[in-house]
A.B. asks: 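I am attaching a structure below and will ask some questions about it afterwards.
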There are 2 protein chains.
Amino acid sequence: MLELRLVQGSLLKKVLESIKDLVNDANFDCSSTGFSLQAMDSSHVALVSLLLRAEGFEHYRCDRNISMGMNLGNMSKMLKCAGNDDIITIKADDGSDTVTFMFESPTQDKIADFEMKLMDIDSEHLGIPDAEYQSIVRMPSAEFSRICKDLSSIGDTVVISVTKEGVKFSTAGDIGTANIVLRQNTTVDKPEDAIVIEMKEPVSLSFALRYINSFTKATPLSETLTISLSSELPVVVEYKVAEMGYIRYYLAPKIEEEEDTNV
Amino acid sequence: MLELRLVQGSLLKKVLESIKDLVNDANFDCSSTGFSLQAMDSSHVALVSLLLRAEGFEHYRCDRNISMGMNLGNMSKMLKCAGNDDIITIKADDGSDTVTFMFESPTQDKIADFEMKLMDIDSEHLGIPDAEYQSIVRMPSAEFSRICKDLSSIGDTVVISVTKEGVKFSTAGDIGTANIVLRQNTTVDKPEDAIVIEMKEPVSLSFALRYINSFTKATPLSETLTISLSSELPVVVEYKVAEMGYIRYYLAPKIEEEEDTNV
DNA sequence: CCGAGGGAAT
DNA sequence: ATTCCCTCGG
């Protein structure tokens, strides 16, 4: 028996908007500690890792670990039927092959339940090693999104370079080249506007903008994000989900060929 | 060496939106007095003339006259990467075959530079004679845009007729005819809402709406525009660019055949 | 807060 | 031509 009650239902709606374009089907894993998902994108290049901790739910009951395979497109369709202020409850009976989403309007005047068939999905639980990163950048998520969108109108690869002074995003394409430099800045009015560079070693890596741009679907989840970079390791782009968890996107760097022409 | 710093960068963004659909490639001419462009549209029917005076820039350095051939589509793509509040600097080194656009965010936290290849373009500097016009109409640019859009759903030619009382925009097409009359009106709350007719002689001329409608891309640049009309002369549709210059569109009248059926 | 409409980008 | 985004109105 599973019953997870999330007062801020809009969070779950946003979480699905953040992953459904990247991943078609995935297993949600539910244990006593939380609700999580880990999946490769459909082209098997990027990896998404979601965690919503049990403490973030108003009510959290999960009698035994279960893995529920869902089609994220269909799940997203159902969650779109929840109002942004609705309380969402996820329910599944033991042994059932369905999951139920219940939406309660704030006034309790409207109660909806949507039942969805579960699917069997081969899950490939890639262990994600906890790594030390050479550089970690924290910045406003909207700014990151804007930069990556802008650069993709020029090229299809972004080079992210971190030095102590700041972070540089570069690209090159047929029509020209572009460099956008953000300098470290922690003396801002609102802390979420800060650009914080935590650099152990300078690093410069290339990534396909196509994937980075789909990561930025998570922008509505959090005002800030962190980008963790190390040579030879996949970059980690992390958005916190309120106080209850995170979405992390992993993407392997492109092997540099001629990209270093404009670093 | 060329270095032009424009604090209100959104002006340059809007200027490009105003001409890039009409002209594919053009030379920007830079002299000590200003930054200008003059080009025929790609079908060689309409003419665009842009002037941004040196005084409108915060910093203006142009050591010697140069002509820089640019693809306006690509330039527009790059300028779209500037924020509306950004300060834009245009730079070119002597003898270089590239131009650099630099965008500084208001807070200076973000500095971007975009480099674009210049092109060789045959420029045909048509001298534009300064003419006396029989009638000049000043009116809100949004209203002109709306009228021309509306009329083009009925016909493909607009007849603009000016009398002392007002200005009439007419069209005719398969489904019927349309006449929109604006009477002179200077007693308005906001001066930019005025409709001012400066008539020496009544005039009535026909124009292809297709071109007029692409002129109205400049509507965001200015609340008002002027339409200068004389028989046998191209109409001039002028939008002021803040305090620093203008965009003028020239279009020859259609020779009237059967259009007088609904004048 | 939601839905519809319009404009822009691909 | 389609889809997405953003703005406006209820």
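Since the structure is predicted, the reported quantities are computational estimates derived from the model, not experimental observations. To find a chain, count down the sequence lines: A is the first, B the second, and so on, and within it residues start at 1.
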A.B. asks: How long is the line joining CG of B:Asp21 and P of C:dA8, in whole Å?
C.D. replies: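 Value for this atom pair: 9 Å.
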A.B. asks: Between C:dC2, C:dC1, C:dA9, which one does the side chain of A:Asn84 approach most closely?
C.D. replies: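 The answer is C:dC2.
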A.B. asks: Report the distance from atom NZ of B:Lys13 to atom C1' of C:dA8, rounded to the nearest whole Å.
C.D. replies: 13 Å
A.B. asks: Quickly work out the A:Glu17 CD to D:dT3 P distance and round it to whole Å.
C.D. replies: 16 Å
A.B. asks: Output yes when at least one side-chain N/O atom of A:Lys149 is less than 4.0 Å from OP1 or OP2 of C:dA9, else no.
C.D. replies: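 Checking C:dA9 against A:Lys149, no side-chain N or O comes under 4.0 Å of OP1 or OP2.
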A.B. asks: What is the distance, rounded to the nearest whole Å, between atom CZ of A:Phe103 and atom P of C:dC2?
C.D. replies: 13 Å
A.B. asks: Starting from the 5' end of DNA chain C, give me the residue, B:Lys80 or A:Asp86, whose nearest nucleotide shows up first.
C.D. replies: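 Its nearest nucleotide lies further toward 5', so the answer is A:Asp86.
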A.B. asks: Could you walk me through whether A:Arg5 and A:Glu58 pass salt bridge (Lys or Arg N to Asp or Glu O under 4.0 Å), step by step?
C.D. replies: CA-CA 6 Å; A:Arg5 182 178 165 93; A:Glu58 191 207 7; 2.4 Å; yes
A.B. asks: For the ring pair A:Phe103 and A:Phe114, is the centre-to-centre distance below 6.0 Å?
C.D. replies: yes
A.B. asks: Between atom CG in B:Leu79 and atom P in C:dA9, what is the gap in whole Å?
C.D. replies: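 About 13 Å, once rounded to whole Å.
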A.B. asks: Reckon B:Lys77 touches a base, only the sugar-phosphate, or nothing at all at heavy-atom distances under 4.0 Å?
C.D. replies: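 Touches nothing.
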A.B. asks: In this structure, how many angstroms lie between the P atom of C:dA8 and the CG atom of B:Leu16, rounded?
C.D. replies: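 The distance from CG of B:Leu16 to P of C:dA8 comes to 15 Å, rounded to the nearest Å.
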A.B. asks: CZ of A:Arg146 versus P of D:dC6: gap in Å, rounded?
C.D. replies: 10 Å
A.B. asks: What is the distance, rounded to the nearest whole Å, between atom NZ of B:Lys217 and atom C1' of C:dA9?
C.D. replies: 13 Å
A.B. asks: Is it true that A:Tyr249 and A:Tyr211 have ring centroids separated by less than 6.0 Å?
C.D. replies: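 So the answer is no for these two rings.
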A.B. asks: For the residue pair B:Phe35 and B:Phe28, does the interplanar ring angle fall in the parallel (under 30°), tilted (30 to 60°) or perpendicular (over 60°) class?
C.D. replies: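 Rings of B:Phe35 and B:Phe28: parallel, as their planes differ by under 30°.
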